[in-house]
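These notes concern the structure reproduced below.
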Amino acid sequence: WANSALTTFIRSNLLLNISFRTIGTVSTAAKIGIFSGMKEINPYLCTRMEQMEERQPYDVIVVGAGAAGMMAAGTAARNGRRVLLIEKMEKSGRKVRITGKGRCNVTNARPAEEFAEQVRTNAGFFAQAFAEFNNRATIRFFERAGVKLEIERGERVFPKSGKAWDIANALLEYCFENGVKIIYDTRVTEIMTLGNRVFGVKYINKRGFERKEECAQVILATGGVSYPATGSTGDGYAFAADLGHTIEPLRPSLTPLVSSHAQIRYLDKVLLRNVRATLYIDNEPVREEFGEIGFSDRGIEGAVALRMSRDAVDALIDGRRVKLTLDLKPALTEEVLRDRIARELAGLEPTEFFGELLRKLVPKPLVMPLAQEMDIHSKCYVGKLTEEQITRLVRTLKGLTFPITDYAPFEYAVTTAGGVRCDEVNPYTMESLKVRGLYFAGEVLDLDANTGGYNLQIAFSTGRLAGMLKK
């Protein structure tokens, strides 16, 4: 009886809702009071119907709870908007939590002019968002959120705790304290439009049911395709393309470089500091960097290689010849280095091995690979070294060359180059110029920069501007 009575009541109440909208408002309790014979279900129905009546539509839906998405959602909510943040993973900020080897290089403290030089694509477009929320504002934001920061070499900014989680949690708290509703394990499948404007999204919830939520504004902050295990699988590019946006070709940026050098397999886990690297494309030098170079099973990496990878990847895609040359003794000219070698030889017995000489010049892991590179046996007596072999040693130390034949895939790339064309987005608002009410933030845009905190700043600046929902 109770089930059939409940069904009758709900059907009747739907009719009452329609009637009362035309003749005036009546409280839920009054409606339920009409059915006074159903006393045992009145309290439950009162509560549920009052919740339904109180529910208001969202003003904006943010897709993607990464750095840009959380900044956008918190900002919109702080400005009085009702915000729904949809994340397809089980937690927010997964990429933020692993960035900087788990330490999170939040931003870079360089002056604006120097900062702009590190943005590789569409720096002019980004300048508007940076002016709205720059690196100094980012530092203030996190320090006010209780995260103590410190500036390290290269003006890189990190949390003093050394924990990327502190940054991710500060962003999440920013959303919570401003009333953002967040749903996890939920995959958006479509941005709904009517004519040339947004009116909501369709999504599949954690139980596998398709739902839709209407709203007048949607912010796409779905990230790129780097580190796909964190949820960055390119969904935003598909949504944008379906809505008429042009997607610039996607390729890995800040990614290890793969070499065919015969000795590369012996260099795994070797880290070289204070080296000068020169990138050659078709035998022409195009970029020079000074700093650290590392080797792993993924390829040649470290800050220097990652900064050069953007140019190398584009050249390889175009079918051009690429090589990387390392100067292991950048502080010494060839002449001074030759004198240094002569002094080291004078201190050795003629019957000591060539490997002993190399150990005085380079880190131990480089001894065998360098000896093989120069085709000089490591157990050759130094007293038998010829002038031609000494010259070969000098030239190798000043120019150890690695042919670059490939690059590591998106799984190992720090960020994505390419994305939604910036000339199809309003730089002063981050709103689409093609679909009203559609905004973009973060890596989904064709914006990328060098390593050093610049890419996270792009996420924060564009997320902040998008969340302001300017017209």
Side-chain angles (χ1 to χ4, degrees), residues 99 105 108 110 113-127 154 156 224-227 247-261 264 267 271-296 298-328 330 398-422 443 445-458:
T99 188
N105 187 178
N108 194 286
R110 293 185 188 278
E113 303 76 22
E114 295 179 23
F115 193 105
E117 292 172 359
Q118 302 299 320
V119 180
R120 300 297 303 275
T121 313
N122 295 309
F125 173 89
F126 175 65
R156 296 172 301 159
V225 288
S226 59
Y227 290 132
I247 308 301
E248 291 295 332
L250 307 178
R251 59 263 193 225
S253 185
L254 304 182
T255 194
L257 299 174
V258 178
S259 175
S260 59
H261 195 288
I264 196 79
L267 298 176
L271 177 64
L272 302 177
R273 292 184 171 88
N274 301 320
V275 300
R276 179 177 290 113
T278 305
L279 183 71
Y280 289 83
I281 296 176
D282 291 338
N283 287 323
E284 292 292 328
V286 296
R287 191 175 182 88
E288 187 177 283
E289 295 278 354
F290 180 86
E292 293 183 353
I293 284 277
F295 299 85
S296 75
R298 296 183 293 270
I300 305 173
E301 48 189 18
V304 165
L306 294 184
R307 287 196 294 268
M308 290 183 161
S309 68
R310 180 73 156 73
D311 296 309
V313 168
D314 287 347
L316 289 167
I317 290 173
D318 292 341
R320 304 170 73 183
R321 288 175 295 127
V322 180
K323 66 181 180 182
L324 183 65
T325 299
L326 303 184
D327 183 349
L328 303 177
K398 293 294 289 181
L400 180 59
T401 299
F402 293 88
I404 304 300
T405 55
D406 203 353
Y407 49 88
F410 282 110
E411 285 81 357
Y412 304 115
V414 174
T415 189
T416 305
V420 176
R421 280 187 61 162
C422 289
E443 202 173 340
L445 289 161
D446 183 21
L447 283 173
D448 66 290
N450 286 328
T451 183
Y454 304 101
N455 288 288
L456 262 182
Q457 183 62 52
I458 288 174

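Heavy atoms only: backbone and side chains are in, while hydrogens, waters and symmetry mates are out. This one's a predicted model, so the numbers in the text were calculated from it and none came from an experiment.
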(message) Donor-acceptor check, side chain of N122 to backbone of D446, threshold 3.5 angstrom: yes or no?
(response) yes
(request) State whether the side chain of T325 and the backbone N or O of G399 hold a donor-acceptor pair below 3.5 Å, judged by distance alone. (result) no
List the atom pairs, with distances to 0.1 Å, where a side-chain N or O of residues 409-417 and a protein N or O form a donor-acceptor pair under 3.5 Å, not counting sequence neighbours.
residue: T415; atom: OG1; partner: E443; partner atom: OE2; Å: 3.2
residue: T416; atom: OG1; partner: V225; partner atom: N; Å: 3.0
residue: T416; atom: OG1; partner: S226; partner atom: N; Å: 3.3
residue: T416; atom: OG1; partner: E443; partner atom: OE2; Å: 2.9

(message) Determine whether the aromatic ring centres of residues Y454 and F126 are separated by less than 6.0 angstrom.
(response) no
(message) Under a 3.5 Å distance rule, please check whether S309 uses its side chain to pair with a backbone N or O of L254 as donor and acceptor.
(response) yes
(request) Let me see the working for R120 and N450 under side-chain contact (heavy atoms from CB on, under 4.5 Å), right down to the final yes or no. (result) CA-CA 7 Å; R120 300 297 303 275; N450 286 328; 3.5 Å; yes
(message) Is there a side-chain contact (heavy atoms from CB on, under 4.5 Å) between V322 and L279? Walk through the geometry before answering.
(response) CA-CA 7 Å; V322 180; L279 183 71; 3.7 Å; yes
(request) Would you give the length of the straight line joining atom CG of N108 to atom CG of N455, rounded to the nearest 0.5 angstrom? (result) 11.0 Å
(request) Over all heavy atoms of both residues, which pair between S260 and T405 is shortest? Give the atoms and the distance, please. (result) OG-CG2, 3.5 Å
(message) To the nearest 0.5 Å, what is the distance between CG on D311 and CG on L316?
(response) 11.0 Å
(message) Let me confirm one number: the NZ-OG1 distance from K323 to T401, rounded to the nearest 0.5 Å.
(response) 5.5 Å
(message) Distance check, rounded to the nearest 0.5 Å: L267 atom CG versus I293 atom CD1?
(response) 11.5 Å
(request) Look up atom OG in S259 and atom CG in L324, then write down how far apart they are to the nearest 0.5 Å. (result) 8.5 Å
(request) Mind listing the closest non-hydrogen atom pair of G452 and R156 along with its distance? (result) O-CG, 3.7 Å
(request) Find the distance between CD1 (I404) and CD1 (I300) and round it off to the nearest 0.5 Å. (result) 4.0 Å
(request) Mind listing the closest non-hydrogen atom pair of A312 and L257 along with its distance? (result) CB-CD2, 3.8 Å
(request) Could you list the residues that satisfy salt bridge (charged side-chain N to carboxylate O under 4.0 Å, His left out) with K398, not counting sequence neighbours? (result) D327
(message) Please enumerate all residues that pass salt bridge (charged side-chain N to carboxylate O under 4.0 Å, His left out) together with D448, with sequence neighbours excluded.
(response) R310
(request) Check for a donor-acceptor pair, side chain of D282 on one end and backbone N or O of R320 on the other, with a separation under 3.5 Å. (result) no
